[in-house]
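In what follows, a single structure is set out as structure tokens and then discussed.
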Amino acid sequence: MIEIIRTLNQFETFRNNLRPGTIGFVPTMGNLHKGHLSLVKESLRQNDNTIVSIFVNPKQFGPNEDFEKYPRTLGEDNKKLKDLYRDEEFRGRLLTIFAPEVPEEIFPSNFSTKITVGDLTNKLCGINRPGHFDGVTTVVYRLFSIVKPHKAYFGQKDYQQYLVCKKMIEDLRLNIQLVPMPTKRDEDGLAMSSRNQYLTGTDRELALVLPQTLEKLKETIKSNFWPESYGLALELAGESKKEGDWDYLEILDAKTLREPSERTHTVILAGALKLGHTRLIDNKLVEIRYAR
Ligand code: AMP
């Protein structure tokens with residue numbers, strides 16, 4: 001059986017009495033799909049105890065974003081986790097959901113601390129979503145301090161978020177291991193996202209431009225030597241941006257999110273595409289090849 005804990009008090013009591021063993025943590029905003037579930041499975045495999053949090057974090061939404069309409073589907077999420085947990089593979093592992101019912105328990109009205117990671121946050125999604133990453137790091141820190149995990153599982157679909165949280169852990173020496181997990185996609189290549197359900201029929205088709213463009217850029221970089229491949233990919237990105245409403249489409253060093261340099265080994269191809277009121281993000285990592 002999976003326990004669902006809905007108050008901070010109950011969670012703290014649960015946490016203080018948790019049986020010995022490693023604790024894996026999967027922070028989510030709910031509306032779970034196979035991408036989220038792949039993180040939960042990996043945590044169940046690697047840890048004695050797994051905690052999944054479900055909390056739509058008000059601090060990471062801008063004033064004109066979709067906080068109010070973000071899908072809240074706790075009953076269905078619970079069922080999906082139950083189905084997954086039934087697997088023989090996870091026998092003896094403990095899975096618990098922490099889904100605070102009252103958001104003020106996580107952020108009381110007088111909460112006045114903000115965690116800001118510099119540099120990595122002032123590009124890509126940080127440009128058109130000011131304050132977004134402060135909201136992410138603040139809630140992740142807050143949840144870490146409640147859950148006190150050994151490992152935390154993050155999806156590479158939100159690669160910048162993963163890097164920013166990793167930097168926070170390093171800088172604050174939090175002693176938590178971040179485990180990056182590959183992006184789960186629908187059969188046609190679109191990265192799974194809770195926001196995909198906002199897409200109407202034709203927009204769902206147009207959305208494929210995002211993974212397809214990233215794939216073309218990847219092929220260009222893989223089939224040429226650096227830095228020629230970079231030049232060709234930049235040209236292709238420039239052309240691709242003319243079609244569709246792109247927030248960004250960039251080729252950056254995967255470690256620093258800066259322009260690639262002679263020290264770059266892996267680049268990230270990152271895109272954000274707008275379809276009506278919906279904004280989708282995706283990325284691919286590519287190792288670059290130098291001619292010998
Ligand atoms: P969210 O509920 O959107 O905040 O996501 C919770 C976690 O699931 C984050 O670490 C995301 O990166 C991860 N995630 C979301 N979509 C996917 C996906 N398609 N594949 C893998 N991980 C994902």
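As the structure lists them, so they are numbered: ligands from 1, and atoms in each ligand from 1.
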Under 4.0 Å from one or more heavy atoms of G155, ligand 1 contributes atoms 9 (C), 10 (O), 11 (C), 12 (O), 13 (C), 22 (N)
With heavy atoms and a 4.0 Å threshold, my read on which part of K184 contacts ligand 1 is both
Inset, instruction - Check whether any heavy atom of K157 sits under 4.0 Å from an atom of ligand 1. - result: yes
field: Polar contact flag for Q156 and ligand 1 (N/O pairs, less than 3.5 Å)
entry: no
Give a yes or no on whether Y248 atom OH has more than 12 heavy-atom contacts from other residues, nucleotides or ligands under 6.0 Å away. yes
At under 4.0 Å between heavy atoms, what of P27 touches ligand 1? The answer is backbone
### Query
Would you call D83 and R86 a salt bridge, using N to O less than 4.0 angstrom?
yes
For L39, the ligand 1 atoms with a heavy-atom partner under 4.0 Å come out as 7 (C), 8 (O), 10 (O), 13 (C), 22 (N)
Any heavy atom of P182 under 4.0 Å from ligand 1? The part involved is backbone
Does H33 have a non-hydrogen atom less than 4.0 Å from ligand 1? yes
* Asked: Just distances here: any N/O of D158 and N/O of ligand 1 closer than 3.5 Å?
  -> yes
Considering both backbone and side-chain atoms of M192, is one of its nitrogen or oxygen atoms within less than 3.5 Å of a nitrogen or oxygen in ligand 1?
yes
Exercise. Is the closest basic N to carboxylate O distance between D282 and R185 below 4.0 Å?
Worked result: yes
